[in-house]
Protein chains: 2
Amino acid sequence: MSLPHAILTALLEKPSSGLELTRRFDRSIGYFWSATHQQIYRELGKLEEAGQIRALRSAEPARGGKKEYEVLPAGRAELAEWVGRSEEPKPIRDALLLRLRAAAVAGPDAVAGIEKELGRHLALHEAQLAEYLDMERRQFGPDQDSEADRLRYLVLRGGIELERFWTGWLTEALATLRTR
Amino acid sequence: MSLPHAILTALLEKPSSGLELTRRFDRSIGYFWSATHQQIYRELGKLEEAGQIRALRSAEPARGGKKEYEVLPAGRAELAEWVGRSEEPKPIRDALLLRLRAAAVAGPDAVAGIEKELGRHLALHEAQLAEYLDMERRQFGPDQDSEADRLRYLVLRGGIELERFWTGWLTEALATLRTR
DNA sequence: AAGCCCATGTAAGCTGTTACATGATTCA
DNA sequence: TGAATCATGTAACAGCTTACATGGGCTT
């Protein structure tokens, strides 16, 4: 149940149309909460229905016209309430770890195939880490004065450390497999 | 599309009934691929239908009787093929990171509420890390001779390092919030 | 005029979650 | 015998993914 809150957050940062939101979900917000344009349009409809957001320049033609949305007070209140809500961490579902475990029972032929996949993932995570480090360098100076900036920096720090975990573990995994 | 492969892996490690599988998904397999008993029973039906697994002691009564399943050659082949298959890493969806980002726009009142939640998650991840370290100590000695053991140890190493990431980042996040 | 991108959607299907149902066995 | 637990399911729904549809504007 977090997609509506992700959208409310994005719209509070900047009122946007559906497609603009989609773009931003491919960049910043999507780094920790991904969504496709189909999900976003559906959810925008629900949020408008619920009176939490409102379309600007209202009377555009239904098809082909751009609709910008902004958050209403009810939406802001809902988001603030959600932020403080308690929720269990979701159990992990990671296909790569599962694959390794499967390789242990599927026999040695399977192990050769998985090595390539591990290397591919390593490259992807290294690229993501580099991008985060670049964002860190450009967007965050030595001192953040505003509370909001410090929170945003914390989120980025999470992304960085998570990618460091992946690159570290994948490197270790490849080294282990190669010395067999 | 990984649940059937998780089940095949578990059944190859040891033929089991639905409930036994459920138990094991709460322990070892579930540490990186969780599933409820409803999912498991549904999937067991599909796998049997597809000729990848088979029920032992076949003619037990439908209700209340225990059914043990074992993997057929077709199932083993499917798993081996899947292990080598290439797949994009799933985009991240992490509610806690999203919450922090939302807190940045939802105002300072929201920040107070989130601190408690961060502390709660920290305790959970510390407990999980301790459990993994205990497993490491008990199940894996200084030298793993068999390939399968080394793969299983790699998976556990992944779990350990992932929990270290969480405890480290959550500690940093709490420290940052408290010095505001 | 044809092809491309922008922008907003619809529809179908799959996966996962939550709530409930049913019979068998065990133990107080 | 009643309650708890074991064991296997059914049903309904929510969320996400994939494929396709529709119309407008811009370029060549």
Side-chain angles (χ1 to χ4, degrees), chain A residues 1-8 10-11 15-26 29-30 32-50 53 55-69 82 87-95 98, chain B residues 1-8 10-11 15-26 29-30 32-50 53 55-69 82 87-95 98:
Chain A
M1 264 290 293
S2 298
L3 177 59
H5 305 103
I7 291 178
L8 288 173
L11 287 181
S16 307
S17 68
L19 194 63
E20 282 162 4
L21 276 178
T22 302
R23 297 269 154 73
R24 292 168 59 199
F25 270 80
D26 287 341
I29 291 271
F32 46 88
W33 201 273
S34 69
T36 63
H37 82 272
Q38 292 91 339
Q39 281 179 279
I40 289 169
Y41 283 117
R42 185 174 355 137
E43 204 62 43
L44 283 172
K46 286 191 201 168
L47 286 169
E48 190 176 20
E49 180 85 14
I53 63 173
L56 303 175
R57 350 201 165 164
S58 42
E60 295 267 350
R63 289 269 176 184
K66 163 183 308 198
K67 264 194 287 187
E68 285 226 309
Y69 290 94
W82 175 79
E87 202 172 346
E88 293 314 302
K90 283 235 159 181
I92 298 168
R93 285 207 179 99
D94 186 86
L98 179 59
Chain B
M1 262 289 293
S2 297
L3 177 57
H5 305 104
I7 291 178
L8 287 172
L11 287 181
S16 306
S17 68
L19 193 63
E20 281 163 5
L21 277 178
T22 302
R23 299 269 155 74
R24 291 168 60 199
F25 270 80
D26 287 340
I29 291 270
F32 46 88
W33 201 275
S34 68
T36 63
H37 83 273
Q38 292 89 339
Q39 280 180 279
I40 289 169
Y41 283 118
R42 194 197 319 171
E43 204 61 43
L44 283 172
K46 287 191 200 169
L47 287 168
E48 190 175 22
E49 180 86 13
I53 63 173
L56 305 174
R57 352 201 163 161
S58 43
E60 294 268 352
R63 289 271 178 182
K66 162 182 309 195
K67 264 195 287 187
E68 284 227 309
Y69 290 94
W82 175 79
E87 202 173 344
E88 293 313 303
K90 283 236 160 177
I92 298 168
R93 287 207 178 101
D94 186 85
L98 179 59

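Basis for what follows: all heavy atoms, side chains included, without hydrogens, waters or symmetry-related copies. Each chain gets a letter, A, B and so on, in the order the sequences are listed, and its residues count up from 1.
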query = Under the side chain to side chain contact (heavy atoms under 4.5 Å, CB included) criterion, do A/Leu44 and A/Leu21 qualify, and how do the steps go?
reply = CA-CA 10 Å; A/Leu44 283 172; A/Leu21 276 178; 3.9 Å; yes

task = Apply side chain to side chain contact (heavy atoms under 4.5 Å, CB included) to the pair B/Asp94 and B/Leu98, showing each step before the final yes or no.
result = CA-CA 6 Å; B/Asp94 186 85; B/Leu98 179 59; over 6 Å; no

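Each of B/Tyr69 and B/Arg93 was matched to the nucleotide of DNA chain D holding its nearest heavy atom; the match closer to the 5' end belongs to B/Tyr69. With DNA chain D read from its 5' end, the first of the two nearest nucleotides for B/Gly18 and B/Lys90 is the one closest to B/Gly18.
As judged by a 4.0 angstrom heavy-atom cut-off over every strand, A/Thr22 is placed among residues making no nucleic acid contact. Residue contacts for B/Lys46: at a heavy-atom cut-off of 4.0 Å it reaches the sugar-phosphate backbone alone, with no base atom in range.
Applying the salt bridge (charged side-chain N to carboxylate O under 4.0 Å, His left out) test to A/Glu87 and every residue at least two apart in sequence or in another chain returns B/Arg99. Residues passing the side chain to side chain donor-acceptor pair (under 3.5 Å) test with A/Glu49, sequence neighbours excluded: none. When the side chain to side chain donor-acceptor pair (under 3.5 Å) test is applied to B/Thr22, no partner is found at least two apart in sequence or on another chain. The side chain to side chain donor-acceptor pair (under 3.5 Å) test applied to B/Ser16 returns B/Arg24, not counting sequence neighbours.
Summarising the geometry, the separation between CH2 on A/Trp33 and C1' on D/dC16 is reported as 11 Å, rounded to the nearest angstrom. Here the C1' atom of nucleotide D/dC16 and the CD1 atom of A/Ile40 are 12 Å apart, to the nearest Å. Rounding to whole angstrom units, CG of residue A/Leu3 and C1' of D/dT17 are separated by 13 Å. In this entry the distance linking CG of A/Leu19 with P of C/dT8 reads 6 Å, nearest Å. If you take CD of A/Glu20 and C1' of C/dG9, they are 17 Å apart, rounded to a whole angstrom. In this structure, CG of A/Leu44 is placed 16 Å from C1' of C/dT10, rounded to the nearest angstrom. Rounded to whole Å, atom P of C/dG9 lies 14 Å from atom CD of A/Glu43. Between A/Glu68 atom CD and C/dA7 atom P there is a gap of 10 Å when expressed in whole angstrom units.
Taking every side-chain heavy atom of A/Arg23 into account, C/dC6 is the closest of C/dT8, D/dC6, C/dC6.
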Using a cutoff of under 3.5 Å, can you pull out all pairs of nitrogen or oxygen atoms linking the protein to nucleotides 18-20 of chain D, with atom names and distances?
from	atom 1	to	atom 2	distance (Å)
D/dA19	N6	A/Gln38	NE2	2.6

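The base of C/dT17 lies close enough to the side chain of B/Arg42 for a donor and an acceptor atom to sit less than 3.5 Å apart.
Note on A/Tyr41: every side-chain N or O is 4.0 Å or more away from OP1 and OP2 of C/dG9.
Under the side-chain hydrogen bond (donor to acceptor under 3.5 Å, both in side chains) criterion, the residue pairs touching residues 35-45 of chain A are A/Thr36-A/Gln38, with sequence neighbours excluded.
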